[in-house]
Amino acid sequence: MSTETPTAAERSDFIREIVAADLREGRHTTIVTRFPPEPNGYLHIGHAKSICLNFGIAAEFGGRCHLRFDDTNPVKEEQEYLDAIEADVRWLGFDWGEHLHHASDYFEQLYAWAVHLVKAGKAYVDDLTADEIREHRGTLTEPGQNSPWRDRPAAESLDLFERMRAGEFPNGARVLRAKIDMASPNINLRDPVLYRIVHAAHPRTGDAWCVYPTYDFAHGQSDAIEGITHSICTLEFEAHRPLYDWLIENLPVPSRPRQYEFARLNLTHTVLSKRVLLRLVTEGRVRGWDDPRMPTISGLRRRGFPAEGIRDFAALIGVAKADSVVEIGMLEHAVRDVLNRTAPRRFAVLDPLRVVVEDYPEGQVEEVEVANNPEDPAAGTRTVAFSRELWIERDDFLEEPPAKFFRLAPGREVRLRSAYFITCREVVKDEAGRVVELRCTHDPSTRGGDAPDGRRPKATLHWVSAAHAVPAEVRLYDHLFSRPDPGADGDLFADLNPASETVLRGCRVEPDLAETPAGATVQFERLGYFCPDPDSRPGRLVFNRTLTLKDTWAKLQAQGRHDTPQGGRG
RNA sequence: UGGCGAGUGGCCUAACGGUAAGGCACCUGACUCUGGAUCAGGGGAUUGAAGGUUCGAAUCCUUCCUCGCCAGCCA
């Protein structure tokens with residue numbers, strides 16, 4: 001159940017309309033949905049859309065939503081995935097109560113139903129090889145051919161099926177098939193395979209079974225067992241619906257679930273395919289399923305995306321049947337929106353440039369008061385140490401400022417946020433001509449950040465006191481793929497963004513940032529949102545950049561130079 | 001080429017026969033101790049095309065076009 005659904009009080013979509021009508025017209029009194037992941041990988045933002053839909057509907061209509069693992073293929077499934085999926089759904093803010101289920105919980109019942117079909121002459125054991133079955137299946141335009149085993153006596157199929165279960169045959173030797181119609185224009189109805197022999201240990205049932213039901217045979221029946229009323233899945237299962245219905249109609253199942261399909265999520269600059277994500281991980285293109293660049297729930301979490309932002313995003317994009325590609329900016333907008341409201345502000349300098357305030361007494365330290373979040377007065381204030389030697393952001397100074405560059409430059413006065421106005425008096429360079437230090441003066445009357453004479457600098461800079469700031473490593477993240485439609489030219493991996501991660505060492509941050517709790521995302525003023533990485537240690541702080549702030553100056557620069565998609569800073 | 005599904009401003013989504021709405025993005029201005037946020041305003045859609053029904057069509061009908069999915073013993 002969602003903690004709250006802030007932005008989408010009146011959101012509706014074609015599925016919710018169906019649900020509402022079913023309730024209104026008495027077809028159901030309680031709505032039961034389910035989220036049915038296969039534990040063969042980590043959940044990603046596309047799954048989040050489905051999770052929000054299924055759990056969201058259950059919550060809105062006073063029903064319930066089950067978490068059911070579709071664990072029918074032991075060769076691809078692992079306990080690690082089962083655990084990660086549960087953690088991710090919970091982190092997203094949803095609760096399945098008592099209803100944690102597995103298709104494997106129903107193996108015995110499913111087997112019994114398969115036997116039922118065999119006895120009814122509606123399923124048979126086929127001795128054809130996989131290749132032969134394919135050849136008999138026909139093509140999109142040509143009907144298939146009946147298997148020579150199609151009409152063998154039910155008793156013979158039954159015997160063979162029992163021996164399949166008993167482990168008498170090797171993988172692939174035989175399968176159980178539904179007897180429907182080899183000439184159907186819907187290929188899924190051309191005697192689909194219901195059971196196959198797989199001698200492999202299952203994460204939950206171990207070696208108890210060596211025959212496993214296919215998705216088609218397991219899914220709808222599991223829905224029926226659990227009393228699912230609305231079995232919501234993605235568009236690619238549309239062609240399976242007739243089979244879903246055929247099985248429900250031909251089996252003595254306890255309920256009549258109905259399947260509805262919606263368009264899966266596609267996002268620009270990212271790939272949402274478990275197959276590809278698995279490759280990124282196994283081939284070491286990223287550091288793991290929870291790499292902050294991954295579109296996985298665990299990656300987004302590590303990156304600092306709040307669950308609320310992900311839920312808001314799901315509400316924002318809606319649910320429909322048209323294939324679509326959502327701009328990643330939409331996700332970033334939803335996330336910035338919650339972070340702007342909730343993230344505490346802190347000072348951090350990513351690329352430090354030394355500033356010496358010449359007219360500020362050596363050894364003196366003042367505690368200046370700074371708002372924790374201008375958006376939220378209740379967040380209160382904190383004090384930050386100010387002293388003679390400071391660090392400011394290197395790109396907040398330009399010796400020869402172009403028009404529209406409002407920050408520090410020789411002779412120019414700017415405000416140091418919540419502290420003093422300073423004026424740059426001298427630029428110190430090393431032998432190579434690189435600026436290494438700025439000699440400045442301050443106006444003591446501007447303490448706190450306001451001038452008694454009403455003077456208003458065009459820029460306000462963030463800063464840290466050199467003697468008080470603590471060092472940190474900061475990892476900057478950008479889109480994993482550099483083009484909006486990765487792989488459109490053929491080679492997906494060639495579109496990997498080489499600048500998707502930039503590691504900055506030698507950053508200087510406000511001391512209390514050392515205490516930022518894991519999972520908390522803060523705003524580094526004027527830079528963006530950041531969160532401590534799990535790699536962070538007391539003495540060796542590591543922060544991940546969740547997202548940059550919107551940056552008009554970076555945009556202006558980008559327009560002028562026509563590069564840097566994510567803009568500036570570091 | 002068979003079946004199924006879908007086409008609404010750059011992107012997402014709404015309109016359920018009554019004369020195209022909202023969000024994101026973009027642009028402009030105001031305000032601002034974050035070039036953030038906020039506020040105000042703006043540009044932009046002959047609703048894939050062509051016919052037809054109707055007083056009236058994004059919605060109904062016909063034909064066509066385009067895109068997606070289906071020929072795993074994956075899900």
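Chain A is the first sequence line, chain B the second, and so forth, proteins listed ahead of strands; every chain is numbered from 1. Predicted model, so just to flag it, every value in this text is computed and none were measured.
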Atom CG of A:Asp551 and atom P of B:A37: how far apart are they, to the nearest Å?
-> 10 Å
A:Arg204 to A:Tyr212 six-membered ring, cation-pi geometry met (6.0 Å, 45°) = no
Over how many whole Å does the gap from A:Leu461 atom CG to B:G36 atom P extend?
-> 15 Å
In whole angstroms, how far is the P atom of B:C67 from the NZ atom of A:Lys321?
-> 20 Å
Using a strict 4.0 Å threshold on nitrogen-to-oxygen distance, state whether A:Arg447 and A:Glu366 make a salt bridge.
-> yes
Measure the distance from CH2 on A:Trp553 to C1' on B:A37 and round it to the nearest whole Å.
-> 21 Å
What nucleic acid atoms does A:Arg241 come within less than 4.0 Å of, heavy atoms only: base, sugar-phosphate, or nothing?
-> nothing
Once you round it to whole Å, what is the distance between P of B:U34 and CG of A:Leu339?
-> 19 Å
Start at the 5' end of RNA chain B and walk down; is the nucleotide closest to A:Glu327 or to A:Leu416 reached first?
-> A:Glu327
When you compare B:C69 with B:C27, how far apart are their C1' atoms, in angstrom units rounded to a whole number?
-> 39 Å
Just by protein heavy atoms under 4.0 Å, how would nucleotides 69-75 of chain B read 5' to 3' in B, S and -?
-> SBBSBSB
Could you check how far CZ of A:Phe14 sits from C1' of B:A6, rounded to whole Å?
-> 11 Å
Determine, step by step, whether A:Gln259 and A:Glu261 satisfy the side chain to side chain donor-acceptor pair (under 3.5 Å) criterion, reporting the C-alpha distance in whole Å, the side-chain angles of both residues, the deciding distance to 0.1 Å, and the verdict.
-> CA-CA 7 Å; A:Gln259 175 183 300; A:Glu261 312 86 14; 3.0 Å; yes
NZ/NE/NH1/NH2 to OD/OE distance under 4.0 Å, A:Arg68 and A:Glu226 | yes
Pair A:Arg526 + A:Glu393, salt bridge at N-O below 4.0 Å = no
Inter-nucleotide P distance (B:A45, B:U54), Å rounded | 31 Å
Check every strand shown and say whether A:Val75 touches a base, only sugar-phosphate, or nothing at a heavy-atom separation below 4.0 Å.
-> nothing
Looking only at heavy atoms, the pair that brings A:Asp216 and A:Leu247 closest together is O-CD1, 3.3 Å
Remember a base hit wins even if backbone is also touched, and classify A:Thr552 as base, sugar-phosphate or nothing at under 4.0 Å, heavy atoms.
-> sugar-phosphate
Could you tell me whether B:G72 is syn or anti, where syn means a glycosidic angle within 90 degrees of zero?
-> syn
Tell me what A:Ser324 touches on the nucleic acid: a base, only sugar-phosphate, or nothing, going by heavy atoms under 4.0 Å.
-> sugar-phosphate
Heavy-atom count around A:Arg258 CZ within 6.0 Å, excluding the residue itself: above 12?
-> no
What do you reckon, is CD of A:Glu80 surrounded by more than 12 foreign heavy atoms closer than 6.0 Å?
-> yes
Distance between the P atoms of B:G22 and B:G42, in whole angstroms?
-> 11 Å
May I ask you to say what A:Glu17 touches in the nucleic acid, namely base, sugar-phosphate or nothing, with a heavy-atom cut-off under 4.0 Å?
-> base
Stems involving RNA chain B, each a run of at least 3 consecutive Watson-Crick or G-U pairs under 3.5 Å | B:2-7 with B:65-70, B:10-13 with B:21-24, B:26-30 with B:38-42, B:48-52 with B:60-64
With a 4.0 Å cut-off on heavy atoms, is A:Lys555 in touch with a base, just the backbone sugar-phosphate, or nothing at all?
-> sugar-phosphate
Name every residue in residues 369-379 of chain A that has at least one heavy atom under 4.0 Å from any atom of RNA chain B, in order of residue number, or write none if there are no such residues.
-> A:Pro374, A:Glu375
Inter-nucleotide C1' distance (B:C73, B:C11), Å rounded | 41 Å
With P as the reference atom in both, quote the distance from B:U38 to B:A25 in angstrom, rounded to an integer.
-> 10 Å
Mutual orientation of the aromatic rings belonging to A:Tyr195 and A:Phe161 [parallel < 30°, tilted 30-60°, perpendicular > 60°] = perpendicular
Rounding to the closest angstrom, what is the interatomic distance between B:A40 and B:U19 at atom P?
-> 26 Å
Write down the distance between CG (A:Asp323) and P (B:G48), rounded to a whole number of angstrom.
-> 16 Å
Over how many whole Å does the gap from A:Asp396 atom CG to B:U34 atom C1' extend?
-> 11 Å
Whole-angstrom distance between B:U8 and B:C70, as gauged at atom C1' | 27 Å
Under 4.0 Å between any heavy atoms, over every strand shown, what does A:Glu142 touch: base, sugar-phosphate, or nothing? Just pick one.
-> nothing
With P as the reference atom in both, quote the distance from B:A21 to B:G41 in angstrom, rounded to an integer.
-> 16 Å
Contact class for A:Phe347 vs. all strands (heavy atom < 4.0 Å): base, sugar-phosphate, or nothing?
-> nothing
Is it true that A:Lys179 and A:Asp191 make a salt bridge, defined as a side-chain N closer than 4.0 Å to a carboxylate O?
-> no
